[in-house]
Each structure stands twice: as C-alpha cells, then as structure tokens.
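Only a predicted model underlies this, so the values are computations on that prediction, with no experimental measurement involved.
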Amino acid sequence: ATAACNVAVTAAAVAAFISAEYLPVLGALYAIRLVPDYLITARNFIKRKEHFPVLPFLLSEILYPFWFCAVGAMSLFPSSRRFTR
C-alpha cells in the first residue's frame, strides 16, 4: 500500500506539472499520505516528550515519494560495483 501510494503521488505530481487540473488530485493524495504519517510520527515524539519538527516533516513528506520512485527505478539497473575491478 505504501509503494502504491508513493507511485500515485509521483504520477499525480507529474500530471499536475503537465496540466493544472490535476492539482486537486495531487493535494488529496498528499493529504492521504500525510495524515497517517503525522499520527504515527507525532505519537512517537509525544512519548519521548520532544518537540515535533514540523518543517522537516513536511519537507520529507513532499520529497519522499520522488525519492522512493527514483530508488525503485534505479534498482532495475545492474549495480555499477560489478564494473569497478
């Protein structure tokens, strides 16, 4: 489910970049990702009695789907370590 959501967010971002009519879809998909992630992360900060870092959390929520898809795409190619001998 996490992988599908990350791919959907990335695809919606690309579609929104092409056409602005997909911006509401992108916003809804980001909200679907953000709420459970926030609830899980904030609960851990509350347990440890620490301040919740909102800005780094939001930045990571925005960038993570793209990072996830980039790493997934790169995993399809052979490792470059094989050629370093």
Side-chain angles (χ1 to χ4, degrees):
T2 301
C5 192
N6 285 325
V7 171
V9 168
T10 304
V14 171
F17 184 74
I18 294 169
S19 175
E21 68 184 35
Y22 293 104
L23 282 173
V25 174
L26 178 62
L29 288 173
Y30 265 120
I32 289 170
R33 278 196 79 245
L34 186 110
V35 171
D37 288 349
Y38 172 78
L39 293 174
I40 292 167
T41 307
R43 181 177 56 165
N44 290 326
F45 276 92
I46 290 170
K47 281 183 182 178
R48 294 187 306 219
K49 295 180 174 50
E50 294 179 7
H51 174 70
F52 184 74
V54 177
L55 186 60
F57 174 75
L58 290 176
L59 288 174
S60 68
E61 284 293 311
I62 290 169
L63 296 176
Y64 183 72
F66 302 103
W67 175 260
F68 179 88
C69 289
V71 169
M74 288 174 22
S75 72
L76 298 174
F77 298 103
S79 174
S80 62
R81 281 182 266 149
R82 168 170 73 170
F83 302 109
T84 58
R85 289 183 183 189

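When atom types are taken as modelled, the side chain of Tyr30 and the backbone of Ile62 share a donor-acceptor pair closer than 3.5 angstrom.
Both Phe66 and Val25 are assigned to one and the same hydrophobic cluster, defined by single-linkage of ILVMFWY side chains at heavy-atom distances under 4.5 Å.
In this structure, CZ on Phe57 lies 11.0 Å from CG on Leu59, to the nearest 0.5 angstrom.
Closest of all the heavy-atom pairs between Leu23 and Ala16 is CD2-CB, 3.7 Å. Across all non-hydrogen atoms, the minimal contact from Ala20 to Pro24 is O-CD, 4.1 Å.
Partner Asn44 forms a side chain to side chain contact (heavy atoms under 4.5 Å, CB included) with one of Ile46, Ile40, Thr41 and no other, that one being Ile40.
Contacts classified as side-chain hydrogen bond (donor to acceptor under 3.5 Å, both in side chains) and involving residues 56-72 (residues at least two apart or in different chains) are given here: Arg33-Glu61.
Contact of the Val7 side chain with the Cys69 side chain is registered, since non-hydrogen atoms from C-beta on lie closer than 4.5 Å. Side chains of Leu58 and Leu34 form a contact here, defined as non-hydrogen atoms less than 4.5 Å apart. No side-chain heavy atom of Tyr22 sits less than 4.5 Å from a side-chain heavy atom of Val14.
Ala42 is linked by a side-chain contact (heavy atoms from CB on, under 4.5 Å) to Tyr38, Phe52, counting only residues two or more places apart in sequence or in another chain.
A cation-pi contact, defined as under 6.0 Å to the ring centre and within 45° of the axis, is absent between Arg43 and Phe45.
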